[in-house]
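These numbers come from a predicted model, not from an experiment.
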Amino acid sequence: MASFWLVSRASRRFLEVKPSLSLSRTLFAVSTYQPTTTTTTTSKNSNPNAYPNGTQLGPFTQRHRWIPSCVEFDLRLVAHISSSSSSTGAKKDGNQGSNDVKVEVETSWIDLYLPRQARPYAKLARLDRPIGTWLLAWPCMWSITLAASPGHLPDIKMMTLFGCGALLLRGAGCTINDLLDRDIDTMVERTKLRPVASGLLTPFQGICFLGFQLLLGFGILLQLNNYSRVFGASSLLLVFSYPLMKRLTFWPQAFLGLTFNWGALLGWAAVKGSIDPAIVLPLYLSGVCWTLVYDTIYAHQDKEDDLKVGVKSTALRFGDSTKEWITGFGIMCSGSLALSGYNAEIGWPYYAFLGAASGQLAWQIWTADLSSRVDCNRKFVSNKWFGAIIFSGILFGKLSS
């Protein structure tokens, strides 16, 4: 009787332990299980048992093993999270396959700090790319400083007005350009995400924003003398016509030079109330030649797309002879700056700085890799330093004269 009682108690203990063992082995089977169909193909490198020290249970279905509903839900959740992470990682990796699309979104201060409704307008005005404002503002600063009296600083109020005007006029020019080129921009890799081309803004919204920019610019123009108001307003003909030139001529960069360097004439007129051709015309010509250098380098970024679309540029016009052409324009730029300074009877520091600026321009031309978009853009952006060096030379030359 006692032996029967011992055997009965041992059997109950075994039955109490068995469900937990079965559940743990079931969970182990689910964690290593991969669904199979009636027709399966096993690769040579596949490992049927991911855990070689484990017990292989074979194909698993709910007929063979019982899983608590809570455990089954947790396992499904883990499987979903794992597959989602894997697919996300594959999309981020540009080398995952031919079907993956690699999208690069550039984040700027506009995306971080401006309200969502204002971001497309700020990008339309290129507020996140200030190089265009610098290139437009430097000829104005050169001219205003040249017009200063010998031994005196330039008019700070006038420089502030022209700085704000350069920001607004450059933004207005970008808006006009994007409105007229919205169909072209969609076919060019570098410009297809611009607000109007991508559909973030409608053409009507762009026109309204352009009106707002021109209204602010007109307010700045009213701060100048009457001669400068008429002279400044006439520049709008160039601003509106420039975007069309790439459809008509291989020299749109020359028209950009005429537009971007108008401040070389206007700055002197705003200070003096008149024009001195011997000083400001060589200064204006130097700016046009400078623009032909940096914007031809810039245009080499889009030469393949321009060929497909059918628009023109000096990059396509010069082709393999680009460096010879822009070297000539660089020499004309430096020579015209020297002539303008000589006629203005500026001090010797100006020529020292002019030599340094000419070296910077020569460095751009000689080292530019015209087949590299990154290097072309780097050389283009470096022109803000050329403008700063010339401005410093004029400033110190005036103070020493």
Side-chain angles (χ1 to χ4, degrees), residues 101-104 106 120 123-126 129 131-132 135-136 169-207 209-210 235-261 288-326 328-329 365 368-381 383:
V101 178
K102 185 177 180 180
V103 178
E104 296 181 2
E106 184 178 350
K123 291 183 177 180
L124 183 60
R126 311 284 199 275
R129 301 179 185 273
I131 180 59
L135 297 176
L136 185 61
L169 187 60
R170 189 268 178 137
C174 291
T175 302
I176 295 170
N177 183 79
D178 286 10
L179 287 171
L180 295 177
D181 287 354
R182 60 185 183 275
D183 295 332
I184 295 176
D185 286 344
T186 58
M187 297 183 282
V188 177
E189 185 67 25
R190 185 177 56 84
T191 60
K192 64 184 181 181
L193 295 180
R194 286 178 175 174
V196 177
S198 63
L200 282 175
L201 294 177
T202 64
F204 178 74
Q205 289 174 315
I207 292 172
F209 183 58
L210 175 62
S235 67
L236 292 178
L237 296 174
L238 291 170
V239 173
F240 277 92
S241 62
Y242 159 68
L244 301 174
M245 292 301 152
K246 65 173 70 72
R247 299 169 173 84
L248 304 176
T249 176
F250 280 101
W251 294 86
Q253 280 68 31
F255 282 87
L256 180 66
L258 296 173
T259 306
F260 254 50
N261 295 280
V288 174
C289 293
W290 178 41
T291 303
L292 278 164
V293 173
Y294 68 66
D295 207 56
T296 298
I297 294 175
Y298 185 78
H300 272 273
Q301 296 181 96
D302 302 328
K303 54 189 175 184
E304 290 85 2
D305 291 324
D306 289 346
L307 280 172
K308 296 176 184 177
V309 176
V311 297
K312 303 171 183 179
S313 70
T314 50
L316 297 177
R317 171 64 179 83
F318 301 155
D320 294 335
S321 302
T322 291
K323 291 203 174 184
E324 288 80 0
W325 277 91
I326 60 178
F329 291 129
I365 296 170
D369 183 358
L370 300 179
S371 62
S372 169
R373 294 187 176 186
V374 174
D375 192 60
C376 286
N377 187 69
R378 185 183 298 117
K379 296 300 189 300
F380 169 73
V381 172
N383 280 277

My understanding is that only residues two or more places apart in sequence, or in another chain, count here; which of them pass side chain to side chain contact (heavy atoms under 4.5 Å, CB included) with [X]?
X: Thr202; value: Phe204, Gln205
X: Val309; value: Ile184, Met187, Val188, Val311
X: Arg182; value: Val196, Pro203

Does Pro195 offer a backbone N or O that forms a donor-acceptor pair with the side chain of Lys123 under 3.5 Å? no
Would you find a donor on one side and an acceptor on the other, under 3.5 Å apart, between the side chain of Asn261 and the backbone of Gly257? yes
Does Arg194 come within less than 4.0 Å of Asp183, counting only side-chain N to carboxylate O? no
Rounded to the nearest 0.5 Å, what's the gap from [atom1] on [X] to [atom2] on [Y]? Could you check?
X: Arg317; Y: Phe250; atom1: CZ; atom2: CZ; value: 8.0 Å
X: Asp295; Y: Leu256; atom1: CG; atom2: CG; value: 5.0 Å
X: Leu179; Y: Leu201; atom1: CG; atom2: CG; value: 9.5 Å
X: Leu236; Y: Phe240; atom1: CG; atom2: CZ; value: 6.0 Å
X: Tyr242; Y: Asn177; atom1: OH; atom2: CG; value: 6.5 Å
X: Ile176; Y: Leu210; atom1: CD1; atom2: CG; value: 5.0 Å

Where do Leu124 and Cys174 land on the side chain to side chain contact (heavy atoms under 4.5 Å, CB included) test, with the steps shown first? CA-CA 7 Å; Leu124 183 60; Cys174 291; over 6 Å; no
How would you list all residue pairs meeting ring pair (Phe, Tyr, Trp, His ring centres under 6.0 Å) that involve residues 295-317, not counting sequence neighbours? Tyr298-Phe380
Considering non-hydrogen atoms only, spot the tightest contact between [X] and [Y] and give its length.
X: Leu370; Y: Lys323; answer: CD1-CG, 4.2 Å
X: Phe329; Y: Cys289; answer: O-CB, 3.4 Å
X: Val381; Y: Ile131; answer: O-CD1, 3.4 Å

By salt bridge (charged side-chain N to carboxylate O under 4.0 Å, His left out) - contacts of [X] (at least two apart):
X: Asp369; value: none
X: Lys303; value: none
X: Asp306; value: none
X: Arg126; value: Asp178

Check the surroundings of atom CZ in Phe255: do more than 12 heavy atoms from other residues, nucleotides or ligands lie under 6.0 Å from it? no
Side chain proximity check, Asn377 to Gln301, heavy atoms < 4.5 angstrom: yes
Are side-chain heavy atoms of Arg378 and Arg373 found at a separation under 4.5 Å? no
Kindly write out the residues that satisfy side-chain hydrogen bond (donor to acceptor under 3.5 Å, both in side chains) with [X], not counting sequence neighbours, or none if the list is empty.
X: Asp181; result: Lys246, Arg247
X: Thr191; result: Asp185
X: Thr249; result: none
X: Thr296; result: Thr314

Between Ser313 and Gln253, is the side chain to side chain contact (heavy atoms under 4.5 Å, CB included) condition met? List the steps. CA-CA 7 Å; Ser313 70; Gln253 280 68 31; 4.0 Å; yes
Which is it for Ile326 and Leu292 under the side chain to side chain contact (heavy atoms under 4.5 Å, CB included) test, yes or no, and what are the steps along the way? CA-CA 7 Å; Ile326 60 178; Leu292 278 164; over 6 Å; no
How are the rings of Trp251 and Trp325 set relative to one another: parallel (under 30°), tilted (30 to 60°) or perpendicular (over 60°)? perpendicular
Apply side chain to side chain contact (heavy atoms under 4.5 Å, CB included) to Asn383 and Trp290, showing your working. CA-CA 9 Å; Asn383 280 277; Trp290 178 41; 2.9 Å; yes
